[in-house]
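Quick note on labels: first sequence line is chain A, next is B, and so on, each numbered from 1.
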There are 2 protein chains.
Amino acid sequence: MADRNDVLGAAQRVLNADPGASMTVVAEAAGVSRATLNRHFDSRETLLVELGTRSLDQWAQRLDAVDVEAVAASGDAARIRAALEDLVLGYVDDSDAFGFALTDHVILANAALEERTQALADREAVLFAAAQASGVLRADLPLRWFGHAIYGLLVAAREAVRIGDVARRDAGHLVLSSLLAGVVPS
Amino acid sequence: MADRNDVLGAAQRVLNADPGASMTVVAEAAGVSRATLNRHFDSRETLLVELGTRSLDQWAQRLDAVDVEAVAASGDAARIRAALEDLVLGYVDDSDAFGFALTDHVILANAALEERTQALADREAVLFAAAQASGVLRADLPLRWFGHAIYGLLVAAREAVRIGDVARRDAGHLVLSSLLAGVVPS
DNA sequence: CTCACGTGAGACATGATTGTCTCAAACCGC
DNA sequence: GCGGTTTGAGACAATCATGTCTCACGTGAG
């Protein structure tokens, strides 16, 4: 029997491939009838929002995993740098599964999710601020830019892998290296 | 009277704000009846594809403007570097108007557009290759990655401006600086 | 065995969007 | 001014995804 969570997982896979997939397609992919799909999720939006929530959960988990607040508070440049790298590499891994949430309009338009996104961005910003203070990140860039830049490179990596321009296993390194050092030789 | 081109411009503005806008909304924004809109464009897809074409035209124009082929052939590091900067700054300007085409699924799914996108990416790649050869770009990154990275940062900048995290006039510098030098102090 | 429960299949109404069509009015060049 | 052309307004059919509902079936617990 397909667990509610299994359904969610299948939906994630399908929508990741085609964000416009209909409920019928999602149901088929989940090996479940459309009726059952609607028993689990009142509406399409409910499903999308839940998936958005899932991706934010994952984001939060990444932040927890590196213990951003503690690392930021430490002011230790080496720790901050390491946390930053872990974080970005983790994001790249996640973008594989949650990537569609990065650009899906239904998800992006949801007020609750947007609010939570802001909250998570704030948590992240604390790390960025500490990084700037300790010389790990450039102080001449706006604090808020770092998050966006990472986001953009995630979108880029996802697309590059999809197209076949870069191997999946290289994506993490490319994002991290480009982000930190840029594309010009030093 | 609304010229066909005016309509296209209005459609661009509307869809830039809301990529899911209906034909009715587009027509209203263009100050034209839905009937007339459909006289200009057979279908919604036709309209989208035309807008996609427009954005690719703009891209091509940017490549022409810096004369990529000639610059690449010159092998002159300074010229290459300058062209690269002009190109990216130009893209950032364009992303303001054409940005929605960056992520719209109807446009991205169109075979003809995708083909042309590849062709333009190829033209761009020539410059990147010359840049790598002349030491302007890192040789340890895959050639194809540069285009994606730029694309990603454009998406990032667009979003950052939309949110209000960065001022429009700063976007170009942020993208260029982050792309070239990275976010770590040198 | 039996009963409660979840499920699949499918019919159904609904709503939104799309593309077409018609007709009257406005507009254009001559 | 006239006749051809373009437009707006609105009706129209068709399509499609959605959400609801019913009913028969299978299963699993008691």
I need the [atom1]-[atom2] distance between [X] and [N], as an integer number of Å.
{"X": "B:Phe41", "N": "C:dT20", "atom1": "CZ", "atom2": "C1'", "result": "18 Å"}
{"X": "B:Glu45", "N": "D:dT15", "atom1": "CD", "atom2": "P", "result": "18 Å"}
{"X": "A:His40", "N": "D:dT20", "atom1": "NE2", "atom2": "C1'", "result": "17 Å"}
{"X": "B:Leu47", "N": "C:dG19", "atom1": "CG", "atom2": "C1'", "result": "14 Å"}
{"X": "A:Glu28", "N": "D:dT18", "atom1": "CD", "atom2": "C1'", "result": "15 Å"}
{"X": "B:Asp3", "N": "C:dC28", "atom1": "CG", "atom2": "C1'", "result": "16 Å"}
{"X": "A:Met23", "N": "C:dT14", "atom1": "CE", "atom2": "P", "result": "20 Å"}

The single option from A:Asp93, A:Asp57, A:Asp94 passing side-chain hydrogen bond (donor to acceptor under 3.5 Å, both in side chains) against A:Arg62: A:Asp94
Looking at [options], which one has an atom nearest to any side-chain atom of [X]?
{"X": "B:Asn38", "options": "C:dT18, D:dA17, C:dT20", "result": "C:dT20"}
{"X": "B:Ser22", "options": "C:dG8, C:dT17, D:dG8", "result": "C:dT17"}
{"X": "B:Ala35", "options": "C:dG19, C:dC21, C:dG8", "result": "C:dC21"}

Side-chain N,O (B:Thr36) to OP1/OP2 (D:dT7) below 4.0 Å: no
Cationic N near anionic O, under 4.0 Å, B:Arg144 to B:Glu124: no
Salt bridge flag under 4.0 Å for residues A:Arg158 and A:Asp96: no
Aromatic ring pairing A:Phe128/A:Phe146, orientation class (parallel under 30°, perpendicular over 60°, tilted between): tilted
Along DNA chain D (nearest heavy atom to each residue), the more 5'-positioned of B:Arg34 and A:Asp42: B:Arg34
Given DNA chain C, 5'-ward residue of the pair B:Arg39 and B:Arg44, judged by closest heavy atom: B:Arg44
